[in-house]
Protein chains: 2
Amino acid sequence: MSMDADQLDRIFKALADPTRRGLVDRLATRPGQSLFELCAAAVADGQPAMSRQAVSQHLDMLEKAGLVQVTWVGRTKLHTLDLTPLRAAQAAWLGRHM
Amino acid sequence: MSMDADQLDRIFKALADPTRRGLVDRLATRPGQSLFELCAAAVADGQPAMSRQAVSQHLDMLEKAGLVQVTWVGRTKLHTLDLTPLRAAQAAWLGRHM
DNA sequence: TTTATATGCAATGATTTCATTGCATGTCAA
DNA sequence: TTGACATGCAATGAAATCATTGCATATAAA
């Protein structure tokens with residue numbers, strides 16, 4: 001987990017959106033959910049519905065920040081939370097200011 | 001300190017930029033610095049120089065997130081860090097995932 | 001009063017974000 | 001094999017971000 005400035009950028013940017021924070025919350029309560037499940041959840045959670053592709057792109061951002069890991073099972077993509085980068089951000093920067 | 005979703009957005013977005021994190025770092029070591037001082041610091045810190053207005057706009061974002069407070073002394077604008085919103089974000093959301 | 005200093009305001013432009021739509025691909029089930 | 005299901009890929013477009021430039025304003029100093 002190299003914590004350079006770009007990685008901090010990706011992490012904070014990933015968290016700077018209510019849909020993505022909702023996805024993190026959802027995955028925290030139950031890991032290994034598919035895109036389909038998370039779409040339904042996002043619609044239930046957040047208000048104004050949202051296309052599958054929008055949710056998929058949000059998940060991509062979380063994945064690129066290292067906060068979500070993915071495994072394929074047949075035609076289904078399962079998402080799991082990885083909080084390592086968040087803790088690394090805490091160690092590398094956040095901790096100095098809290 | 002109302003911690004709604006928009007406020008979390010502003011805080012995380014404010015932190016999702018290396019220049020702004022540098023400004024936070026700088027203000028943490030010495031509060032009450034002027035825009036002029038912070039410009040010089042940003043140039044020293046970050047690499048590729050940056051206009052005064054760019055730094056000013058970054059400070060505006062930090063201020064709108066509540067992370068920086070401002071007082072005027074004559075023609076000089078003094079900036080001071082306020083970490084209350086960061087701790088509120090920790091309490092309201094971050095803490096559940098760390 | 002004149003000049004220099006510290007900052008604001010406004011317009012511009014390149015890039016990224018956020019969400020959409022349409023179509024394609026791969027996998028399971030009947 | 002056919003059809004339904006879960007997802008990917010690509011193009012589009014509105015809006016926000018990031019940084020710039022030029023000019024204006026207010027305060028301090030000479």
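Every value quoted in this text rests on a predicted model; they were computed, and no experiment measured them. Every chain is numbered from 1 and lettered A, B, ... according to where its sequence line falls, protein lines coming before strand lines.
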Q: Between B:Glu37 and B:Arg30, is there a salt bridge with N-O shorter than 4.0 Å?
A: yes
Q: If the cut-off is 4.0 Å, is A:Thr19 near the phosphate of C:dC18, judged by side-chain N/O to OP1 or OP2?
A: no
Q: Can you tell me which residue among B:Leu27, B:Leu86, B:Asp82 is in a side-chain contact (heavy atoms from CB on, under 4.5 Å) with B:Leu67?
A: B:Leu86
Q: Whole Å only: how far is the CD atom of B:Glu63 from the C1' atom of C:dT7?
A: 13 Å
Q: Base, backbone or nothing for each nucleotide of nucleotides 21-27 of chain D, written B, S, -, heavy atoms under 4.0 angstrom, 5' to 3'?
A: BB----B
Q: A:Leu78 CG to D:dA6 P: how many Å, rounded?
A: 12 Å
Q: Once you round it to whole Å, what is the distance between P of C:dT25 and CG of A:Leu35?
A: 19 Å
Q: So, is A:Lys77 near the phosphate of D:dG8, with a side-chain N or O under 4.0 Å from OP1 or OP2?
A: yes
Q: Tell me, do A:Met3 and A:Ile11 make a side-chain contact under 4.5 Å, heavy atoms counted?
A: yes
Q: Looking at A:His58, I'd like to know whether one of its side-chain N or O atoms comes within less than 4.0 Å of OP1 or OP2 on C:dA19.
A: yes
Q: For B:Met50 and D:dT20, give me the distance from atom CE to atom C1', rounded to whole Å.
A: 11 Å
Q: In this structure, how many angstroms lie between the P atom of D:dC18 and the NZ atom of B:Lys64, rounded?
A: 13 Å
Q: Of the listed nucleotides (C:dG8, D:dT7, C:dT20), which one gets closest to any side-chain atom of A:Trp72?
A: D:dT7
Q: Would you indicate whether the side-chain heavy atoms of B:Asp25 and A:His97 approach each other to under 4.5 Å?
A: yes
Q: Between B:Lys13 and B:Asp9, is any pair of side-chain heavy atoms under 4.5 Å apart?
A: no
Q: Hey, what's the ring geometry for A:Phe12 with B:Phe12, parallel, tilted or perpendicular (30° and 60° as the breaks)?
A: parallel
Q: Grab the CG-C1' distance between A:Asp60 and D:dT7 for me, whole Å please.
A: 11 Å
Q: Rounding to an integer number of Å, can you tell me how far A:Leu38 CG sits from D:dA6 C1'?
A: 13 Å
Q: Whole angstrom is fine here: how far is it from CZ in A:Arg10 over to C1' in C:dT17?
A: 16 Å
Q: Nearest to the B:Phe36 side chain among C:dA6, D:dA19, C:dC18, which nucleotide is it?
A: C:dA6
Q: Just grab all the ring pair (Phe, Tyr, Trp, His ring centres under 6.0 Å) pairs involving residues 55-88 of chain A, residues at least two apart or on different chains.
A: none
